[in-house]
Amino acid sequence: MEDRPPVVIGAGPAGSRAAATLAAAGLAPIVVDEAPASGGQIYRRAPAGFTRPYRTLYGFEAAKARRLHEAFDGIKGSIDYRPETLVWDLKHGALHCLFDGRSREVPYRDVILAPGARDRIIPFPGWTLPGVYTLGGAQIALKYQGCAIGTRIVFMGTGPLLYLVARQYAQAGVEIAAVLDTAPFAAKRRALPGLLRGGSTFAKGLWCVAALRSSGIMIANGIRSVAADAKDATVSTLRYRDAAGTEQRLACDAIGFGFGLSSETQLADLAEIPFSFDPIQQQFLPERDIAGRTPVPGVYLAGDGGGIAGADAAEVGGERAALALLEDRGHEVDKPHVAALERALCRISGFRVALEAAFPFPADIAAGMPDETILCRCEGVTAGEFRRAAGALGAGEINRAKAFSRCGMGRCQGRVCGPAAAAVLAAALDLPLERVGRLRGQPPVKPIPMAVVI
Ligand SMILES: Cc1cc2nc3c(=O)[nH]c(=O)nc-3n(C[C@H](O)[C@H](O)[C@H](O)COP(=O)(O)OP(=O)(O)OC[C@H]3O[C@@H](n4cnc5c(N)ncnc54)[C@H](O)[C@@H]3O)c2cc1C
């Protein structure tokens, strides 16, 4: 047990840096990632045989991407790297990993969870039509495969990714019908003093918006989605209300939408880390201190999996969590360096607060979701059926509402519909979001073949 190597789950910015720190200290961590290559979401590598240069793939972040990839490639000989391996369960000191169609157990003594984040969505009528994608999905199509989701696209939602993905598509030569932001312009203006603390990150965001505007792309603030309509079973129009409340229509053959990110917290849940509600990010998050230590001995959290803070914070947090693990194993660590890492994390979290204020989660859209909207696409549960679970059946919290309605019980296990379902339930019960709770994590955390579990 003493000699058992530490395990890192995720090889994005957080996991890569954690692995490098552990390797530098002479430990040979096991690094597990379901992706075929390291890099995570932001620094996702192109498949073998694709030859697009770093500048085309990662824009402003090209140098960072190259540095992270090269650092990871440099330690491959001194770590036990297991790509294409999904951790689908975690209990009693063992990970259950799916690799090559078979499940294997990986016992651990210490584990750093760095599973990142996913898109946060709010369903609207028509969101399940062919041609409607999440922002992250749209970006992956472009970044990974070099494919566009359509030829005339509306991007809708809120958050920095909205503008970034629109800009990436515009740069790739795709026609952008509009960028529609639910955040009112006044929220951005109010958040400006905090945003300015973001330095070059904020400057890159401003540049992105300016580049969209100078290409003649319409950007609208304070909008509300109405519905996507179809022609020949494919999305053909997005209807929305502008800031003045007037309904507008935009012809398009694809929509990319998303409202910020949600942390991937199921593994933390299975590791029995307690959760608390974060009023800034408007979601329940696993508890950890600034070093990444959780209340569960031997379990550490790094990166967006413990709360959305972006790629730079994920790298710093990954190194800090690895140093915490080393300290807890009795290794000497460089205390001034540790203090510098923690200062950097505090600085970034200040900027994050301003971002959340500038691009608030529009809970009112979920509250007003028309009854006929499909809320849970896996189980085909509408918002109206879900509200019935709250009203007629008396479900006062989200797990009860799930049991009564099957919302969140399908393949995605509530990863996609959970945040919106909580907002719908809170509005139906006239309760604050934190009072309706959160969907409990269940294995398998992502879909796996039945043959693996029976
Ligand atoms: C779709 C998407 C696109 C994004 N694009 C951008 C962008 O262009 N620019 C930007 O600044 N920020 C972007 N972000 C945010 C940015 O990716 C994160 O802030 C940053 O990557 C966080 O780093 P991380 O290491 O915490 O997580 P990630 O980079 O997400 O890495 C997590 C890794 O864990 C692996 N993993 C997760 N669960 C499991 C499991 N159960 N078993 C095995 N492996 C697992 C994943 O395969 C992934 O490689 C994006 C986020 C998302 C979700």
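Ligands are counted one by one from 1 in listed order, and the atoms in each one are counted from 1 as well.
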Determine, using heavy atoms of [X] and all atoms of ligand 1, whether some pair is separated by less than 4.0 Å.
X    : result
K143 : yes
E61  : no
E264 : no

Strictly under 6.0 Å, is that where the ring centroids of F257 and Y133 end up?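 No, they do not, as the ring centres are separated by 6.0 Å or more.
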
Distance flag, aromatic centroids of F284 and F275, threshold under 6.0 Å: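 Judged by ring-centre distance (under 6.0 Å), F275 and F284 do not meet the cut-off.
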
Which ligand 1 atoms, with their elements, are less than 4.0 angstrom from a heavy-atom of [X]?
X    : answer
K446 : 38 (N)
A117 : 30 (O), 53 (C)
D304 : 18 (C), 19 (O), 20 (C), 22 (C), 26 (O)

So is Q168 polar-close to ligand 1, meaning N/O to N/O under 3.5 Å?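 No, since none of the N or O atoms of Q168 sits under 3.5 Å from an N or O of ligand 1.
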
Flag G303 as yes when one of its N or O atoms lies below 3.5 Å from any N or O atom of ligand 1, and as no otherwise.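 N/O-N/O distance below 3.5 Å does not exist for this pair.
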
Have a look at I42, D89, V32, L95 and point out the one with the heavy atom closest to atom 21 (O) of ligand 1.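 Ranked by closest heavy atom to atom 21 (O) of ligand 1, first place is I42.
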
Looking only at non-hydrogen atoms, which of G10, A114, G40 approaches atom 32 (C) of ligand 1 most closely?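 Among G10, A114, G40, the closest heavy atom to atom 32 (C) of ligand 1 belongs to A114.
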
For ligand 1, is any non-hydrogen atom under 4.0 Å from [X]'s backbone (N, CA, C, O), its side chain (CB onward), both, or neither?
X    : answer
L164 : side chain
L135 : neither
T134 : neither

Check the orientation of F359 and Y163. Use parallel for under 30°, tilted for 30 to 60°, and perpendicular for over 60°.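 It falls in the tilted class, 30° to 60°.
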
Angle between ring planes, Y58 versus Y54, binned at 30° and 60°: parallel, tilted or perpendicular?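 Because their plane-to-plane angle lies in the 30° to 60° range, the rings of Y58 and Y54 count as tilted.
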
Whether over 12 other heavy atoms sit under 6.0 Å from E272 CD: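 Result for CD/E272: open.
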
At what distance is the nearest protein heavy atom to atom 5 (N) of ligand 1, and which residue and atom is it?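 Atom 5 (N) of ligand 1 sits closest to the protein heavy atom Q139 OE1, 2.8 Å.
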
Distance to 0.1 Å, residue and atom name: give those for the protein heavy atom nearest to atom 15 (C) of ligand 1.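 Result for atom 15 (C) of ligand 1: L261 CD1, 3.8 Å.
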
R45/D73 salt bridge by N-O under 4.0 Å criterion: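 Salt bridge: yes.
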
Any cation-pi pair here, R82 with F99, using under 6.0 Å and within 45°?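 Judged by the rule, R82 and F99 form no cation-pi pair.
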
